[in-house]
2 protein chains.
Amino acid sequence: MAANLKQVAELSGVSVRTVSNVVNGFHYVAPETRQRVQTAIDALGYRPNAAARSLRTGRTGLLALVVPALDQPYFAELARAVVRHANAAGYTVVLDQTDADRERELDLLSGQPGRTMFDGLILNPLTLTSADIPANPSRPIVLLGERAIATSADHVHIDNVAAARTATEHLIAGGRRRVAVIGTQDTPSGQSARLRLQGAMIALAEAGLTAHPDLLRPADSYTRTAGYRAMEAILDGGRAVDAVFCFNDSMAIGALRALREHSVRVPDDVAVVGFDDIEEGQFSAPPLTTVRPDKDAIARTAVERLVARIGGESEPGQEIEVGFDLVVRESTTGP
Amino acid sequence: MAANLKQVAELSGVSVRTVSNVVNGFHYVAPETRQRVQTAIDALGYRPNAAARSLRTGRTGLLALVVPALDQPYFAELARAVVRHANAAGYTVVLDQTDADRERELDLLSGQPGRTMFDGLILNPLTLTSADIPANPSRPIVLLGERAIATSADHVHIDNVAAARTATEHLIAGGRRRVAVIGTQDTPSGQSARLRLQGAMIALAEAGLTAHPDLLRPADSYTRTAGYRAMEAILDGGRAVDAVFCFNDSMAIGALRALREHSVRVPDDVAVVGFDDIEEGQFSAPPLTTVRPDKDAIARTAVERLVARIGGESEPGQEIEVGFDLVVRESTTGP
DNA sequence: ACCGCGTCTTGCATCGATGCAAGGTCTTGC
DNA sequence: GCAAGACCTTGCATCGATGCAAGACGCGGT
């Protein structure tokens, strides 16, 4: 079934090399020859063998995207954007999930046997820190989401401090004084969480406010369930609250459910703000105010940087910051 | 940087073939030799070249998964399960999105240049019908979600008629009499939609009910927004309704929002049931009653079938049905 | 008549691994 | 003592494509 260059060459009466020239659109091929070869290609249903081509050229045309879990909406939306941009750049995406498993993240970084088949790697690390990134990776790497110590890899991120500060300022501007925070993390890898907390604290401090420790709730996974539990813990704790800043939308949606179940009105009694602007937030009850990182820009930039590196660019790793804005919906302002 | 077998062989003083034997865990290698080779491998940081291996063996270790769009939660959850099972079976997943574009679906089927690099294909077709599936694809294919005309490909699906019927019967059992349906499709490819409609009609007929045509609302894309619009159209139409069966959860969540905005109480005034059991439905207001297809079984079975085919199995295409059940939550029964 | 150049085509080596089958060494059984 | 077999190792061909550099051809200029 699978024809190769040689068979096409024999059928069309030219050399293998000429067929290759036709396939790759090489300039110097006589129109008549090109025609004849093309006919043979069609007749045999010839398709270039990707493995052979890769072996010879050293390129696979594949980009690996590594995310914690696809069923987290933020990562699904990000993956969608990455796949789109990669396709536009002529690449296909291979997808790996780490489930926040440090071993798997390291594995993928090192290029385990059988998993090495890609030209570059886009990694959204959960458990890794910059220190884990090899200084001279065998293939280019772009890191997402974490501000990094200098390495040879490019980093794409948003200004988490400013974003969190903006979100918190919005709550304060709405007259909220008892602000809770859901999603703090103490692990060495919880870099974004630390930055978001920092931003929130700055906003509170500038308003002459502080957050009681009871209102700073950690979360190890950023899921709806984690948000639900954290919110319940806050409500059960009995300490007065009039606003909650969740470090991602999924947790905010979990928090909304907990508030609903406790008959706490949103935003009347408690305002809620999230982070990520996943589509689901437009349909929650009430629709969710949130920080919207420019996901498309993140994906586009990541792919761009990777493609440039694959093309041979070898400057030191860059820090690239993309924009964000605050999307105000009814979870903070009411209808 | 990248070492090859030959260099390892030279360093360890054995033949290339022996190194290969060590790498592949071939049985007959003297422990001492194995040790020496392993040391050389570690010293050089040797990793097998996947392209070369593929060329020689004809296997890439990649499975392609083709879905319409990753930001639709159902497909994201499905993709997650497929990736997990594929990894467990020693495969990596390459991901393609078709955006419901017929051209792209056909492209992928035919194995376009540069995209041919996978051992098998899992396809969740939106625009294709069985007639489009080549009789002798160059690589094995497993189709998801559509009941198929006999081809060489395996098909994994649930009993859409029975599932839709169960959902509708649940509404009727709750005393609902004016049942609307959201998500009908007239296109040749809307096979699941037709089957689900059929199941709903059977349930209605058995209860001596019919659905007024105004209450059968089409949707071309199965998104939250489509569900929102369809629900609005129903409410604006003014025809009395006390239940809505949405052909997927995303649309149901859109419908819930429309109902909320119109101050229609769920489930008191209108009961809502969805389809897919996406995680989001557990957190909607109110939590969503839905048909839960066994997504994990779908993914597992698809990967299993594909791996078997890749392994050389060549029986005619099988129809494989996986289970479903109805998950009753508050959108139909109240708290 | 010949050189030079642009156009078109080709053969050979090569990428890095594995299949095959044979070769060598060492036990084991009779 | 010797054949049979088990254990371990190896050389060569091969997968299908592309890089390289040279070869063949035609044609205008001098």
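First the proteins, then the strands, lettered A, B, ... as listed; each starts at 1.
The partner of dC27(D), taking Watson-Crick or G-U wobble pairs whose two distances both stay under 3.5 Å, is dG4(C).
Within 4.0 Å (heavy atoms only), Ser54(A) reaches no atom of the nucleic acid at all. Backbone-only contact: Val14(B) has heavy atoms under 4.0 Å from sugar-phosphate atoms and none from a base. Among the atoms of the strands shown, base atoms are found under 4.0 Å from some heavy atom of Asn21(A).
Dashed line: the shortest gap from a side-chain N or O of Tyr28(B) to OP1 or OP2 of dT25(C) is not under 4.0 Å. Checking the phosphate oxygens (OP1, OP2) of dG16(D), a side-chain nitrogen or oxygen of Asn4(A) falls inside 4.0 Å. OP1 or OP2 of dT10(D) lies within a sub-4.0 Å distance of a side-chain N or O belonging to Ser15(B). For Asn24(A), a side-chain nitrogen or oxygen approaches OP1 or OP2 of dT18(D) to under 4.0 Å. Under 4.0 angstrom from either OP1 or OP2 of dT18(C) there lies no side-chain N or O belonging to Thr57(B).
The CZ atom of Arg34(A) sits 13 Å away from the C1' atom of dT7(C) (whole-angstrom rounding). The CG atom of Leu55(B) sits 9 Å away from the C1' atom of dC15(C) (whole-angstrom rounding). When the C1' atom of dA17(C) is taken as reference, atom NZ of Lys6(B) falls 13 Å away, rounded to whole Å. When the C1' atom of dG11(D) is taken as reference, atom CG of Leu5(B) falls 15 Å away, rounded to whole Å. Going from atom CD of Gln7(B) over to atom P of dC15(C) covers 10 Å, rounded to whole Å. The distance between atom CZ of Arg47(B) and atom P of dA17(C), rounded to the nearest whole Å, is 12 Å. Distance CZ (Arg17(B)) to P (dT14(D)): 16 Å, rounded to an integer number of Å. The distance between atom CD of Glu32(B) and atom P of dC26(C), rounded to the nearest whole Å, is 13 Å.
With distances taken from any side-chain atom of Pro48(A) to the nucleotides dT10(D), dA13(D), dA17(D), the minimum falls on dA17(D). Of the listed nucleotides (dG19(C), dT10(D), dT9(C)), dT9(C) has the atom at the smallest distance from the side chain of Phe26(A). For Thr18(B), taking side-chain heavy atoms from C-beta onward, the closest of the listed nucleotides dA17(C), dT10(D), dT18(D) is dT10(D).
Between the side chain of Arg53(B) and the base of dT18(C) there is no donor-acceptor pair of N/O atoms closer than 3.5 Å.
In terms of modelled atom types and a separation under 3.5 Å, the side chain of Thr39(A) and the main chain of Gln35(A) share a donor-acceptor contact. Side chain of Asp96(B) to main chain of Val66(B): no donor-acceptor pair is present (N/O by atom type, distance under 3.5 Å, no hydrogens or angles).
Here Leu143(A) contributes atom CG and His155(A) contributes atom NE2; the two are 4.0 Å apart, rounded to the nearest 0.5 Å. With rounding to the nearest 0.5 angstrom, the CG atom of Asp220(A) is 9.0 Å from the OG1 atom of Thr187(A).
For Asp71(A) and Lys295(B), the salt-bridge test fails: no basic side-chain N is under 4.0 Å from an acidic carboxylate O. Taking 4.0 Å as the cut-off between side-chain N and carboxylate O, Arg84(A) and Asp99(B) do not count as a salt-bridged pair.
Judged by closest nucleotide on DNA chain C, Gly13(A) is the one of Gly13(A) and Ala51(B) placed further toward the 5' end. The residue among Ala30(B) and Ala52(A) whose nearest nucleotide of DNA chain D lies closer to the 5′ end is Ala30(B).
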